[in-house]
Amino acid sequence: MKEFALIFRLKDIQDFQPSPEQMQERMNWLAGIAAQNKLADKGNTLLPAAGSAKTVKPGMVVTDGPYTEIKEFISGYIVVRAENIDEAVEMAKANPVFNQVGGNIEVREVLKRG
């Protein structure tokens, strides 16, 4: 079985604070993946608050960021186990975030370093 990172992007900083009901829906989705033994890493939330991130660029230039005024920002990730990318995409499609606030989920195969 392969591993795939599901990278969550939101369009609006207001969507970063889900209601208790929205949070429960998201937790139920995650529990469903875990119940199938397909959750490789429960991931983490990435804070979008000022001072919580920096970007290092060529020439050792360091800037504040990410900026939530941009079109979308990464809010977190998880890693799932799936036979192929299509199965991982189906897991992503079932996420309630699409019905709640929109946003998107990028699905990327993880290449394990050995």
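We number each residue from 1, following the sequence as shown.
A pairwise comparison of heavy atoms in Trp29 and Ala92 identifies CZ2-CA, 4.4 Å as the closest pair. Closest heavy-atom contact between Ala88 and Val107: CB-CG1, 3.7 Å. When every heavy atom of Phe4 is checked against every heavy atom of Asn84, the shortest pair comes out as CZ-C, 3.4 Å. Counting all heavy atoms, side chain and backbone alike, Glu90 lies closest to Lys93 at OE2-NZ, 3.1 Å.
The backbone N or O of Val97 sits nowhere less than 3.5 Å from a side-chain atom of Arg26 that would complete a donor-acceptor pair. Looking only at distances, a side-chain donor or acceptor of Gln100 sits under 3.5 Å from a matching main-chain atom of Gln22.
Connection of Ile85 to Ile78 is established within a shared hydrophobic cluster, with ILVMFWY side chains joined at heavy-atom distances below 4.5 Å, either directly or through further cluster members. In terms of hydrophobic clustering, with Ile, Leu, Val, Met, Phe, Trp and Tyr side chains grouped at heavy-atom distances under 4.5 Å, Met91 and Phe98 are assigned to a common cluster.
Remark: Leu46 CG to Phe8 CZ distance equals 10.5 Å, nearest 0.5 Å. One finds the CG atom of Asn44 at 4.0 Å from the OH atom of Tyr77 (value rounded to the nearest 0.5 Å). Going from atom NZ of Lys2 over to atom CZ of Arg81 covers 15.5 Å, rounded to the nearest 0.5 Å. Rounded to the nearest 0.5 angstrom, Leu39 CG and Glu3 CD are separated by 10.0 Å. Here the straight-line distance linking atom CD1 of Ile74 with atom CG of Leu10 works out to 10.5 Å at 0.5 Å rounding.
The salt bridge (charged side-chain N to carboxylate O under 4.0 Å, His left out) test applied to Glu106 returns Arg9, Arg108, not counting sequence neighbours.
A 6.0 Å sphere centred on CE of Met27 holds no more than 12 heavy atoms belonging to other residues, nucleotides or ligands.
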